[in-house]
Amino acid sequence: MLTLQLINENPEEVIKRLAVKQFDGREPIMRVVELDKQRKQIQKQRDDNAAELNKMAAQIGALMKQGKKDEAGEAKAQVGAMKAANKEIDDKLSAIEAEIREVLLSVPNVPYEGVPEGKTAEDNVVEKTGGEMPNLGADALPHWELAKKYNLIDFDLGVKITGAGFPVYIGKGARLQRALIQFFLDEANKAGYTEIQPPYVVNEASGLGTGQLPDKEGQMYHCQLDDFYMVPTAEVPVTNIYRDVILPGDSLPKKNCAYSACFRREAGSYGKDVRGLNRLHQFDKVEIVRIEKPENSYAALEEMKDHVQGLLEKLELPWHILRLCGGDMSFTSAITFDFEVWSGAQQRWLEVSSVSNFETYQANRLKCRYRAEDKKTRLCHTLNGSALALPRIMAALLENNQTPEGIKVPEVLHKYTGFDIID
């Protein structure tokens, strides 16, 4: 959620930056400016009344001591009338503050100055490329056929048990999944991230805090009876650890990692690009989350990018990094870098990670603050990234490493899988 300070300092600049996200911010931003003026006027009236009440309370005490009971009674009546007026002022103030919050919840984060303009994924900028492209024959199989051939994943059984997008991993397929999860967690631990095992369902306050709610696109699974939401990413419960918290400045940064199953409705997704593991309703992911002082957050973002790149290099996958344009970024992000791996049999790039800096946007919703050296409280910056999401990593590993003898497992995973080839 944008801060009132940011909006009031330069509303035109905020409107201009929001346009990079293809968002017309003039009406909501100017509405917030006007409402905040009203809020300040009413707050001044409330403060003036409070000061007058304190003054009159002192006068009543003095009159009582002087035995002027009639005058004291009249003053008490005035105090009563002023308190009733204050109740109306408080109601008006609460209504304006609620409207300001409602408008702000509808406005996305302002993109960082380094975000390129653009409307769709076609306008994203390739920043860096690495890894060796696989040399597969014309008869190379896509991962869904390899999964069936080697009895690794049963997509039809998942449909029977639940529905499309809920695969069942079997035998070496299940062990490879578990190996990847443990590998990603171990690498995060080496990088100084403290592991968290979070709940897989969250309450409404948590969804609001990280920006998944209001859910404009209906992508979250909602357990209506208890008003819980199934997590679309471990970012939500882990970041909410710091909701309504004032952190000591010298305790930052906070670095957490977490494995979780993730649940997404993927409403509106269909077609050939959703086959197999390409797009699921339930999938596994290891997430890294950081809480930083503002002056350190962009150095932290680079560290996170390097961490994800290192994982892909150790898995021997071809990869590239995209700097997302404004039109392809999430509602809450200030800047996002996507990592994609090459899927040899499908002959296409698959997104496996998004690494983002949200600056103060989530922290303002969360009331996640730290106490600076001058003893004042300031909003933190929040960051997170996938390190990594498993389905498309699995797809690329199966496709890129297929040989006539079987599917070779990257050496870094051998100690986790207990096997070096799937045959």
Side-chain angles (χ1 to χ4, degrees), residues 1-15 18 25-66 68-110 203-209 211 213-214 240 242-247 294 359-372 374-380:
M1 190 163 64
L2 299 181
T3 64
L4 291 174
Q5 180 181 352
L6 175 68
I7 292 172
N8 285 326
E9 282 178 352
N10 196 338
E12 289 299 330
E13 180 62 22
V14 171
I15 293 166
L18 286 171
R26 179 161 296 280
E27 182 177 344
I29 293 302
M30 297 316 295
R31 178 61 178 160
V32 167
V33 170
E34 176 57 31
L35 286 169
D36 196 42
K37 286 180 181 177
Q38 295 178 28
R39 181 190 67 81
K40 289 175 180 176
Q41 290 170 355
I42 294 172
Q43 184 64 57
K44 184 179 184 305
Q45 184 181 358
R46 180 69 175 84
D47 293 343
D48 290 346
N49 281 6
E52 184 64 23
L53 281 171
N54 289 335
K55 181 179 176 182
M56 292 187 70
Q59 289 176 349
I60 291 170
L63 289 169
M64 292 295 291
K65 286 181 180 179
Q66 296 168 15
K68 299 177 180 180
K69 293 184 179 181
D70 290 343
E71 292 181 40
E74 291 175 5
K76 286 180 180 180
Q78 291 178 31
V79 167
M82 288 183 67
K83 285 183 176 179
N86 272 358
K87 176 64 169 61
E88 293 182 10
I89 291 172
D90 288 342
D91 291 344
K92 189 180 296 185
L93 189 61
S94 295
I96 287 179
E97 288 173 343
E99 186 175 353
I100 289 173
R101 179 173 173 78
E102 184 179 354
V103 175
L104 287 176
L105 287 174
S106 72
V107 177
N109 197 1
V110 173
N203 56 31
E204 182 180 19
S206 293
L208 282 166
L213 295 176
N240 270 277
Y242 305 100
R243 172 159 49 90
D244 296 322
V245 170
I246 298 176
L247 296 162
E359 297 187 355
T360 61
Y361 191 86
Q362 287 183 330
N364 192 31
R365 286 175 172 237
L366 293 160
K367 293 184 173 60
C368 172
R369 294 158 290 174
Y370 72 98
R371 195 170 298 283
D374 61 6
K375 306 304 180 184
K376 293 181 179 179
T377 58
R378 292 182 172 83
L379 290 172
C380 299

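Values reported hereafter were calculated over all heavy atoms of this structure, with side chains retained and with hydrogens, waters and symmetry mates removed.
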Matching residue for Asp47 among Gln43, Lys44, Gln45 - test: side chain to side chain donor-acceptor pair (under 3.5 Å):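 The residue from Gln43, Lys44, Gln45 that satisfies side chain to side chain donor-acceptor pair (under 3.5 Å) with Asp47 turns out to be Gln43.
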Minimum heavy-atom separation for [X] to [Y], with atom names?
X      : Y      : value
Asp36  : Leu4   : OD1-CD1, 3.6 Å
Leu213 : Arg365 : O-NH1, 3.1 Å
Leu2   : Leu6   : CD2-CD2, 4.0 Å
Asn364 : Met1   : ND2-O, 3.0 Å
Gly209 : Leu366 : O-CG, 3.4 Å
Ala363 : Cys380 : CB-O, 3.2 Å

Does the side chain of [Y] come within less than 4.5 Å of [X]'s, by heavy atoms?
X      : Y      : answer
Cys368 : Val245 : no
Arg378 : Lys376 : yes
Lys40  : Gln38  : no
Ile100 : Arg39  : yes
Pro11  : Met30  : yes

Derivation of the side-chain contact (heavy atoms from CB on, under 4.5 Å) call for Lys367 and Arg369: CA-CA 6 Å; Lys367 293 184 173 60; Arg369 294 158 290 174; 4.2 Å; yes
Asn240 vs Arg243, side-chain contact (heavy atoms from CB on, under 4.5 Å): CA-CA, chis, key distance, verdict: CA-CA 5 Å; Asn240 270 277; Arg243 172 159 49 90; 2.7 Å; yes
Pair Gln5-Glu9, side-chain donor/acceptor within less than 3.5 Å: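 Yes, Glu9 and Gln5 have a side-chain donor paired with an acceptor closer than 3.5 Å.
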Asn203 side chain to Ser206 side chain, donor-acceptor N/O pair below 3.5 angstrom: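 A donor-acceptor contact under 3.5 Å links the two side chains.
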Side-chain ion pair, Glu12 and Arg26, N-O less than 4.0 Å: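 Yes, this pair counts.
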Euclidean distance, Thr3 OG1 relative to Asn8 CG, rounded to 0.5 Å: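 Separation between the atoms: 8.5 Å.
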Glu88 side, atom CD; Lys92 side, atom NZ - distance, nearest 0.5 Å: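 That separation rounds to 8.0 Å.
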Chi angles and distances behind the side-chain contact (heavy atoms from CB on, under 4.5 Å) call for Leu247, Tyr242: CA-CA 8 Å; Leu247 296 162; Tyr242 305 100; 4.2 Å; yes
Verdict with supporting geometry, Leu104 and Ile7, side-chain contact (heavy atoms from CB on, under 4.5 Å): CA-CA 10 Å; Leu104 287 176; Ile7 292 172; 3.5 Å; yes
Flag if over 12 foreign heavy atoms under 6.0 Å of CD, Glu102: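 Not more than 12 within 6.0 Å, no.
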Ser106 side chain to Val103 backbone, donor-acceptor under 3.5 Å: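 Yes.
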